[in-house]
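What you see below is based on every heavy atom in this structure, not just the backbone, and it leaves out hydrogens, waters and symmetry mates. Below, chains carry the letters A, B, ... as their sequence lines are ordered, and counting in each starts from 1. Only a predicted model underlies this, so the values are computations on that prediction, with no experimental measurement involved.
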2 protein chains.
Amino acid sequence: MSEVRSAFNVSCKNCGLQKICFPTGLQKDEIERLDNIVDRRAPLKKGQHLFEANDNFNALYAIRAGVVKLYSFTNTGEEIVHGFYLPGDVLGIDALGSRRHQYNAIALDTTSVCSLPFEKFSNLTDELPQLNKQMMNVISKEVLDGRMHSELLVRRNADQRVAQFIWNMSERYRSRGYASSEFRLSILHRDVAVYLGLTPETVSRILAKFHADGVATWKKKEVVIHDMDKLLNTAGIQTSCDSCNKATA
Amino acid sequence: MSEVRSAFNVSCKNCGLQKICFPTGLQKDEIERLDNIVDRRAPLKKGQHLFEANDNFNALYAIRAGVVKLYSFTNTGEEIVHGFYLPGDVLGIDALGSRRHQYNAIALDTTSVCSLPFEKFSNLTDELPQLNKQMMNVISKEVLDGRMHSELLVRRNADQRVAQFIWNMSERYRSRGYASSEFRLSILHRDVAVYLGLTPETVSRILAKFHADGVATWKKKEVVIHDMDKLLNTAGIQTSCDSCNKATA
DNA sequence: TATTTAGGTTGATATGAATCAACTCTGAAC
DNA sequence: GTTCAGAGTTGATTCATATCAACCTAAATA
């Protein structure tokens, strides 16, 4: 109860990510019960895997700090990057059906995670309707994120993809209460290129252009958004279109 | 119990899709309980919507017969096709979190669905662990399908995309016990093009080539696969690569 | 401090698929 | 049967991004 925890080892009830992570909407005593099943281990070092494809599924993982890349390979050995997971995000949904992980999850930076042993977690969701609902949100988010990734790949050109990626990261930091127009991103341009279905050269050229045009700068691991409107415009997500999601076609 | 049902109105316990759909792994009496909550309505005509974006989420839908296209629009009004749902597939997962549908679902052919009112279904999963597990499979499938779609879009050229699409449809029919090298596909080439991130012209050219090369023919609504090996080869999914999903990079 | 190496940049060139345009086919409506 | 619209085809051309290649930079290692 009153034990001392390091910054990497905070209980759910003291965690700044409550609004994003599983505790959302839970009562104090319910959070306490969740806290009791959370397994907090030593942080992963950069380059360490949280899990690998084909590993047994033992737990869901909530990111506490750091960044994790979820990836796999095509049968010709090319890498596919499925996404990047930030603090508050949940990893492991891919294994719910088969009880084996389908992809690899690697820390891109020092990363600490809260491990939720699935057996225990599952029992708890049976008892706490709100936790079950939050689990649905997490799952749903995973599905919708995938669809958004597809949308980006089918319908956006290179400029729009890069702009949308930067904007998306900015939004995700904002929703976590961090600065959204200036932040540290421990993701290689190379990995972003793969995620966006582009080459590193193309990403590099586009970032050079964004910098020159006063849109945004991404040098080293620092992202600075100079003009949010320009960025949104470049991403092609500004034009509000009333009838857009109506089924008319 | 002994009521007469049309071909479009079969109870779960007599349904040929048991192996694919929710009843998988359930006991006879459990299937009975599932049967009791299923709401079977008149079939949808071609062009009718099962649900539209922003509709309230009331139920999950299991396709009994026909084909449904799940789609939405970008904010610039371009259509995005997320997938095609065949008999045994489940629609509505996209709404689990927000309790509102995110996309539009339209029948591409006369389509009958089994409606599972979510409230009742949810209660039943609480009581039947096997049904809950099957629900996890369904959700997981939705996530993995999305990832596979992304993979196709990032890493495959036009030929491979079309070949993989045809092969994928073939496999899905095969797993349902239908003919897999000759089948009816009520999907417009136009819709496939959108799904694959290509133009109708490109799809048309590729299909002409496949026909000329004796790979496969898709004329009108009839698909005939002439040479499965060639098709797999063209799709680029034949090369088996041992170390492919290992985390080495 | 020197060396190595992975990541990133920049330029020249190639190419796959989009675009534009004209035309044909097919099935539905009259 | 005729008309018409939407779907599909085919060809010529354009263009965005990949590819190839050389080089730079900074962090890691010796």
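Judged as a side chain to side chain contact (heavy atoms under 4.5 Å, CB included), and not counting sequence neighbours, the contacts of Val67(B) are Phe84(B), Leu86(B), Leu108(B), Ser186(B), Ile187(B). Every residue meeting the ring-ring contact (aromatic ring centres under 6.0 Å, His included) condition with Phe183(B), not counting sequence neighbours, appears here in chain and number order: Tyr173(B).
A straight line from CG of Leu188(B) to C1' of dG6(D) spans 9 Å, rounded to a whole angstrom. Look at NZ on Lys219(B): it is 17 Å from P on dT24(C), rounded to the nearest Å. Between the CG atom of Leu153(A) and the P atom of dA16(D) there is a distance of 19 Å, given to the nearest Å. Leu198(B) places its CG atom 14 Å from the C1' atom of dT19(C), with the value rounded to the nearest Å. Atom-to-atom, CD1 of Ile187(B) to P of dA7(D) comes out at 15 Å; the value is rounded to the nearest Å.
Comment: Asp191(B) engages Lys69(B) in a salt bridge, judged by a side-chain N to carboxylate O separation of less than 4.0 angstrom. The pair Asp89(B)-Arg176(B) meets the salt-bridge criterion, since a charged nitrogen lies less than 4.0 angstrom from a carboxylate oxygen. Under 4.0 Å is where a charged nitrogen must lie from a carboxylate oxygen, and between Arg190(B) and Glu79(B) at least one such pair does. Between Asp39(A) and Arg41(A) there is a salt bridge, since at least one side-chain N of the basic residue sits less than 4.0 Å from a carboxylate O of the acidic one. A salt bridge does not link Asp145(B) to Arg147(A): none of the charged side-chain nitrogens sits closer than 4.0 Å to a carboxylate oxygen. Between Lys221(B) and Asp109(B), none of the side-chain N atoms (NZ, or NE/NH1/NH2) sits under 4.0 Å from a carboxylate O, so this pair counts as no salt bridge.
Atom OG of Ser170(B) and atom CD1 of Ile225(B) lie 4.0 Å apart (nearest 0.5 Å). Taken to the nearest 0.5 Å, the CG atom of Leu232(A) stands 10.0 Å off from the CD atom of Gln164(A).
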Where protein sits on nucleotides 22-30 of chain D, one letter per nucleotide: B base, S sugar-phosphate only, - none, heavy atoms under 4.0 Å: ----SS---
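Ring orientation note: the planes of Trp218(B) and Phe165(B) are close to parallel, at an angle under 30° on the 30°/60° scale. Between Tyr103(A) and His82(A), the ring planes lie tilted relative to each other; the angle falls in the 30° to 60° range.
Of all the residues in residues 200-213 of chain A, Glu201(A), Thr202(A), Arg205(A) reach under 4.0 Å from DNA chain D with at least one non-hydrogen atom. Within residues 155-165 of chain A, no residue has any heavy atom under 4.0 Å from DNA chain C.
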Passes side-chain hydrogen bond (donor to acceptor under 3.5 Å, both in side chains), Gln102(A) versus Ser98(A)? Steps please. CA-CA 9 Å; Gln102(A) 304 296 307; Ser98(A) 61; 2.8 Å; yes
Between the protein and nucleotides 28-30 of chain C, which nitrogen or oxygen pairs come in under 3.5 angstrom?
none

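Contact between the side-chain N/O atoms of Thr199(B) and the OP1/OP2 oxygens of dA18(C) is found at a separation under 4.0 Å.
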